[in-house]
Amino acid sequence: MKTELLNEAAVPEFCGMFADYYAEMECDEDTGHLLDEYVLADYRAGLIKIAAAEEGGRAVGFVIWQVDSTENEWCLREGLGTVRELYVRPGHRGRGVGRALADYAEGMLLSCGAARVYALPAEGTQGFFLARGYAEADEYCEETDCNFFYKEL
């Protein structure tokens, strides 16, 4: 398996995975609009970073991260790193793909100067972040309906 930054040639496959991710979370949003207006626009503007994990020539997961800045619409903890989204295709879960993606994003965040990172785990994924060294805080995020999880890098 290899993990690397998303390039323009891989955007269509990423978009397919992102749609699968939102469908799995039962989100009602129009993923095409969300991708075009926010995710890909922020990616192309350099406000967020995206990496994909690949096995056998096929993307099997992705991670989206950023260092929070007021330049970005999604800025909950200015100066902190955040693992915004992490997804692994169902058939590849439990095989270290998520760990590799999280390691990659955290390493990139550290290289950008973020000594602390947070995540807002989706329902059922809290255990993954706890196993990765994150600690659940008593801070609640209404927008994502979950508590903040923090990790020192």
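No hydrogens, no waters, no symmetry mates; every other heavy atom, side chains included, goes into these values. The residues of the chain are indexed from 1 along the displayed sequence.
- In terms of heavy atoms, Gly81 sits closest to Ala114 at N-CB, 3.8 Å.
- In this pair, Phe148 and Tyr118 present their aromatic rings tilted. The plane angle is within the 30 to 60° band.
- In terms of the side chain to side chain contact (heavy atoms under 4.5 Å, CB included) criterion, residue partners of Ala102 (sequence neighbours excluded) are, by chain and number, Leu86, Glu106, Phe128, Arg132.
- Residue Tyr140 shares its hydrophobic cluster (ILVMFWY side chains chained together at separations under 4.5 Å) with no other residue.
- Taking a 6.0 Å sphere around NZ of Lys151, one finds it holds more than 12 heavy atoms contributed by other residues, nucleotides or ligands.
- Judged as a salt bridge (Lys or Arg N to Asp or Glu O under 4.0 Å), the pairs with a partner in residues 139-148 (not counting sequence neighbours) are, in order, Arg77-Glu139.
- When side chains are defined from C-beta on, Gln66 does not count as touching Leu47, because their heavy atoms never get closer than 4.5 Å.
- By the side chain to side chain donor-acceptor pair (under 3.5 Å) test, Arg99 pairs with no residue at all, sequence neighbours left out.
- Scanning for salt bridge (Lys or Arg N to Asp or Glu O under 4.0 Å) contacts around Glu78 gives an empty result, with sequence neighbours left out.
- Residues in residues 52-62 take part in these side-chain hydrogen bond (donor to acceptor under 3.5 Å, both in side chains) pairs, two or more places apart or across chains: Glu55-His92, Glu55-Arg95.
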**Request:** Output, in order, the C-alpha distance, side-chain angles, deciding distance and verdict of side chain to side chain contact (heavy atoms under 4.5 Å, CB included) for Leu101 and Val88.
**Result:** CA-CA 9 Å; Leu101 287 165; Val88 177; 4.2 Å; yes
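- Scanning for side chain to side chain donor-acceptor pair (under 3.5 Å) contacts around Glu26 gives an empty result, with sequence neighbours left out.
- Checked against side chain to side chain contact (heavy atoms under 4.5 Å, CB included), Leu130 has the following partners two or more places apart in sequence or in another chain: Phe149.
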**Item:** side chain to side chain contact (heavy atoms under 4.5 Å, CB included) between Asn72 and Asp68, worked out
**Value:** CA-CA 7 Å; Asn72 193 315; Asp68 277 7; over 6 Å; no
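- Between Asn147 and Glu136, the shortest heavy-atom distance links the atoms ND2-OE2, 3.1 Å.
- Using a 4.5 Å heavy-atom threshold, the side chains of Ile48 and Val39 count as touching.
- The number of heavy-atom neighbours closer than 6.0 Å to CD of Glu123, taken from other residues, nucleotides and ligands shown, is 12 or below.
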For residues 3-21, run the donor-acceptor check on the side chains, cut-off 3.5 Å, and write out each pair with its distance to 0.1 Å, sequence neighbours left out.
residue: Asn7; atom: OD1; partner: Ala9; partner atom: N; Å: 3.0
residue: Asn7; atom: OD1; partner: Ala10; partner atom: N; Å: 3.1
residue: Glu8; atom: OE1; partner: Arg44; partner atom: NH2; Å: 2.9
residue: Glu8; atom: OE2; partner: Arg44; partner atom: NE; Å: 3.0
residue: Glu13; atom: OE2; partner: Ala59; partner atom: N; Å: 3.2
residue: Tyr21; atom: OH; partner: Glu85; partner atom: OE1; Å: 2.2

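- The shortest side-chain heavy-atom distance between Val117 and Leu80 does not fall under the 4.5 Å cut-off.
- When the side chains of ILVMFWY residues are joined at heavy-atom separations under 4.5 Å, either directly or via intervening members, Val60 and Phe62 end up in two distinct hydrophobic clusters.
- Closest non-hydrogen pair, Gly96 versus Met1, comes out as O-CE, 4.2 Å.
- Scored by the salt bridge (Lys or Arg N to Asp or Glu O under 4.0 Å) test, Glu37 finds no partners at all (sequence neighbours excluded).
- Side chain of Glu24 to backbone of Tyr22: no donor-acceptor contact under 3.5 angstrom is found.
- Side-chain heavy atoms closer than 4.5 Å link hydrophobic residues (I, L, V, M, F, W, Y) into clusters, and following such links, possibly through other members, connects Tyr134 to Val67.
- With sequence neighbours excluded, the residues forming a side chain to side chain contact (heavy atoms under 4.5 Å, CB included) with Thr144 are Trp74, Leu120, Cys141, Cys146, listed by chain and number.
- Legend: residues meeting side chain to side chain contact (heavy atoms under 4.5 Å, CB included) with Asp36, ordered by chain and number and at least two apart, are Leu40.
- Screening Ile50, Val63, Ile64 for a side-chain contact (heavy atoms from CB on, under 4.5 Å) involving Arg84 leaves a single residue, Ile64.
- Between the side chain of Arg116 and the backbone N or O of Tyr150, no donor-acceptor pair lies under 3.5 Å.
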